[in-house]
**Q** 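Please read through the structure below; I'll follow up with questions.
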Amino acid sequence: ISSFTSDWSPNAGLASSPVENRGEAILGCSIGHPKAMTAALSEELRMLSQNVYYILERDWHTLSESELQEEGGLRLLQGLSVILVSQYNQVVFLHHDGLTHTGKIVRNAINQLHACIASKLDEDFAQKGKVNYLYDLLVHCLSVLSQFLDDGSLISMHHKKSLRRRRDCVHPLIASNVCSSQAVADLIELLQITRMSSSCIAEPFVLYKLQELILGIIQFAYGINKDADLLSENVVRAISSLIGKGRGESSQSDPSSMPVIIKVQLKAFEAITAASMQGQVVVQHFMANDGVCRMYEMIMLIVSHSVGASGKSGEHAMIDAAFQTFEGQARACCGNERYMDAVLNALLMPFDKGSGTGSRGDDAYLWESQVSFGSETSSAASAVLTFKTRLVQWLTVFVSVSKFSTKLMRKNDRWIILFDRHFFGLRSELHKELGDRVGALPPKINEGAVQLQLAISNLLFKALVSRWNSQVGSELKVLLEGLDTFSLQPGSCVSLLTTLCKSIHFFRNSNVVEILRTCNFSSCFCGIIAKQQKTPEDQWIVAALDESLFPEDGPHQCSKDATFQTRTRFHLLTSFKEIIDYHTSIQEYTLKEWSSVGAVFGLVWEAPFMDYTLQIVKDLMKMTPSNADALIA
């Protein structure tokens, strides 16, 4: 078999000749896919289940590797996994009951594993060898089964066409041998065995590959099989057990295995997500098995691995892969409020000092990773910044797709966390922590902090204009509080002012005044204007790359040679005028409240602002009032 398959793969260039199968033309390679060979190999599988029993009965001390490959069926299965990349060969394999035979081998191998682990594995060389052989065998078997999980394959498409259905339908032989409740139960049993016998595995990567294949099949089964047995606590517990720091403890001495461990954990998370789409009970089981804690531990594992891999090729690949998984989960489970709340808790827990035991240490770890110097530590800081930026981008996706998003973002001080020192306030905190040394940080650190700030501004904008947000005043209050907090940091202040002005234009004219009144817009602006006016310029925090956050078409009334502080104050005034000019009702509200107008008028004695403040006051005086109260104001 190896002579046929060692250097062979389906040749796409030959996929042009239709081939007859059961009277139908199937497009596939006409060369290199001998039907007789695939059929013969499928028939050999019939005998392999019995051969496994015989080979395990032999003297393990005298058994050679070549005998395991040949008589143990490893080479046969390896050859099949390569040949079955071709969809034409899959049809032939299915026709000759190849899936049925493979499923029987899996069941027999699981039974033999039970017998092996019942003995003292740590002391018995033969039993260890048998377990390792069975794991190899199962990896090859599941690799064969996994070839049939493509919902868009020829087999699946033809079956759907025959039933005139477009989705949620696979060939009966695939459903019964791969996706049935019994098949999933066998795989769950196998997952539990891998947890018990992991210490005796000679090659840990075989174990991780096996777990990844099991999880992939289970995830696919959730989309096909609606049986309630698949949602049981036992199933959820077995999958959840692969998530969390416990998965990495045995392999900490081998950093090269960490990407594979994390990949398995992400696969387990995908399987839980697929299960949660089938029923709320899965979320209950997941939470009961420390689901939030497990997700949090997985996230910290991803961050610490990325920090350790900093400076190497593909240093942020694991972070990107993790958030691709999280984004898919957000879209799939956007209607499951409790599950999404749990995910939010896990993702933000490392940055929340009040979240529970252990988070304080992680908070310090993450912070130290950002303020250290040197080539290696600066790369670590870049990894942490990448993680946080991708987290905010994930939150933006979540806000865009879930009707529960704004409600959940208001829980547990999540907006406060995003405006704390780890996120929006990072640039100010770096300046406070490092002083003049902040300029010595590598450019990618300061640039990353700016990108993080812009991502949070965009997230807040999406939340403000979300079609599901019925309490816009809550998010607007967050924005105004952020403006007050960062009013003396030019770049941060201008970034939030831009978001504020952009958001106002999305509010309905009929309720915009009520929204502004709810969040005390007038008094907030009054306080910000007064704070900037009273604070000497040398007490402002001018952070690195502030210039990049100022729009190119800034206020024309302000000189380009003016200080950052003066330019920021002008942006505040122009933003105030843009907001009150949006609608007459806002002008009337502003006059009635008066505090903000009074604060603006107080700037008339400062030369740089005199003309512009007078113009604002004059425009308000020219307004045509709509009622007696507005006229009095």
Side-chain angles (χ1 to χ4, degrees), residues 146 149-151 167-168 178-179 181 184 187-188 191 208 211-244 247 261-302 318-349 390-391 393-405 408-409:
S146 297
L149 302 186
D150 182 5
D151 198 38
R167 57 182 181 178
D168 295 338
V178 183
C179 306
S181 298
V184 172
L187 295 178
I188 291 297
L191 269 185
Y208 304 142
Q211 290 172 337
E212 183 184 351
L213 288 167
I214 292 171
L215 292 167
I217 294 173
I218 292 175
Q219 182 183 351
F220 182 80
Y222 276 122
I224 304 301
N225 192 335
K226 309 302 180 183
D227 194 331
D229 290 345
L230 272 63
L231 309 180
S232 69
E233 185 175 4
N234 182 52
V235 172
V236 176
R237 185 191 302 114
I239 300 172
S240 302
S241 68
L242 299 178
I243 304 173
R247 290 287 297 115
I261 292 173
I262 293 171
K263 189 176 180 181
V264 170
Q265 296 204 22
L266 289 173
K267 200 69 179 176
F269 185 67
E270 290 177 3
I272 291 291
T273 298
S276 67
M277 294 171 64
Q278 305 301 323
Q280 288 282 351
V281 68
V282 172
V283 182
Q284 297 173 15
H285 295 330
F286 185 58
M287 301 285 281
N289 284 279
D290 297 326
V292 173
C293 234
R294 291 179 181 278
M295 282 191 288
Y296 159 68
E297 291 167 354
M298 177 182 70
I299 289 161
M300 287 307 300
L301 197 65
I302 293 168
M318 194 54 66
I319 292 176
D320 291 335
F323 278 100
Q324 284 177 8
T325 297
F326 295 151
E327 286 177 12
Q329 160 267 334
R331 297 180 192 279
C333 296
C334 59
N336 193 326
E337 181 179 359
R338 189 178 179 191
Y339 185 63
M340 294 310 302
D341 188 30
V343 175
L344 279 170
N345 281 336
L347 285 170
L348 291 172
M349 194 184 292
R390 292 290 278 117
L391 168 56
Q393 290 169 349
W394 177 85
L395 289 171
T396 305
V397 171
F398 173 54
V399 165
S400 301
V401 301
S402 175
K403 63 181 179 181
F404 302 111
S405 57
L408 293 176
M409 286 299 295

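Numbers here are sequence positions counted from 1.
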**Q** Is any side-chain heavy atom of V343 closer than 4.5 Å to one of F398?
**A** no
**Q** Locate the shortest heavy-atom distance separating F404 from G335; write the atom from each residue and the value.
**A**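 That closest heavy-atom pairing would be CE1-O, 3.2 Å.
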**Q** For the residue pair F269 and M295, establish whether any side-chain heavy-atom pair is separated by less than 4.5 Å.
**A**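 A side-chain contact under 4.5 Å exists here.
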**Q** Below 4.5 Å, heavy atoms only, C-beta onward: do V184 and C179 meet side chain to side chain?
**A** no
**Q** Ignoring hydrogens, what is the shortest heavy-atom contact between V282 and A275? Give both atom names and the distance.
**A** CG2-O, 3.5 Å
**Q** I'd like to know if K267 pairs up with E270 as an ion pair, taking the criterion as any Lys NZ or Arg NE/NH1/NH2 lying under 4.0 Å from an Asp or Glu carboxylate oxygen.
**A** yes
**Q** Check N336, I272, D341 against V283 for a side chain to side chain contact (heavy atoms under 4.5 Å, CB included) and give me the one that passes.
**A**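 Exactly one pass, corresponding to N336.
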**Q** For A274 versus Q219, what's the shortest heavy-atom pair and its separation?
**A** CB-CG, 4.0 Å
**Q** Taking all heavy atoms of I188 and all of A238, pick out the closest pair and write down the distance.
**A** CG2-CB, 3.7 Å
**Q** Quick check: closest heavy atoms across L231 and H285, and the distance to 0.1 Å?
**A**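 Closest approach of L231 to H285: O-CD2, 3.2 Å.
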**Q** Taking the side chain as C-beta and beyond, is there a heavy-atom pair between Q211 and K263 under 4.5 Å?
**A** no
**Q** As an exercise, state the distance from SG of C333 to OH of Y339, rounded to the nearest 0.5 Å.
**A** 5.5 Å
**Q** Taking the side chain from S240 and the backbone from V236, do they hold a donor-acceptor pair closer than 3.5 Å?
**A** yes
**Q** Taking the side chain as every heavy atom from C-beta outward, state whether F286 and I239 have any atom pair closer than 4.5 Å.
**A**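 F286 vs I239: side chains apart.
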**Q** Keeping R338 on the side-chain end and Q280 on the backbone end, is there a donor-acceptor pair under 3.5 Å?
**A**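 No; judged by distance alone, with no hydrogens or angles, the pair does not exist.
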**Q** Verify side-chain contact (heavy atoms from CB on, under 4.5 Å) between F323 and Q393, making sure each step is shown before the conclusion.
**A** CA-CA 9 Å; F323 278 100; Q393 290 169 349; over 6 Å; no
**Q** Quick check for you: to the nearest 0.5 Å, what is the distance between Q329 atom CD and E327 atom CD?
**A** 10.0 Å
**Q** Is the closest side-chain heavy-atom distance between V235 and D229 below 4.5 Å?
**A**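 No. Closest side-chain heavy atoms not under 4.5 Å.
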**Q** If I compare all heavy atoms of A342 with all of M287, which pair ends up nearest, and what's the gap?
**A**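 So the two residues come closest at CB-SD, 3.5 Å.
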**Q** Any side-chain heavy atom of N225 within less than 4.5 Å of one from Q278?
**A** no
**Q** Output, in order, the C-alpha distance, side-chain angles, deciding distance and verdict of side-chain contact (heavy atoms from CB on, under 4.5 Å) for C334 and K403.
**A** CA-CA 7 Å; C334 59; K403 63 181 179 181; over 6 Å; no
**Q** Once you round to the nearest 0.5 Å, how far does CG of D227 lie from OH of Y222?
**A** 10.5 Å
**Q** Is the shortest heavy-atom distance from the side chain of M409 to the side chain of L395 under 4.5 Å?
**A**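 They are in side-chain contact.
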**Q** Name the residue from L301, T325, I299 that meets the side chain to side chain contact (heavy atoms under 4.5 Å, CB included) definition with Q265.
**A** L301
**Q** Just how far is it from atom OG of S146 to atom CD1 of I214, taken to the nearest 0.5 Å?
**A**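 S146 OG to I214 CD1: 10.0 Å, rounded to 0.5 Å.
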**Q** I would like to know whether R390 and F326 meet side-chain contact (heavy atoms from CB on, under 4.5 Å); could you show each step before the answer?
**A** CA-CA 10 Å; R390 292 290 278 117; F326 295 151; over 6 Å; no
**Q** Roughly how far, to the nearest 0.5 Å, is the CZ atom of R237 from the OG atom of S232?
**A**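 Result: 8.5 Å between the selected atoms.
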**Q** To the nearest 0.5 angstrom, please state how far the CG atom of L230 sits from the CD1 atom of I218.
**A** 8.0 Å
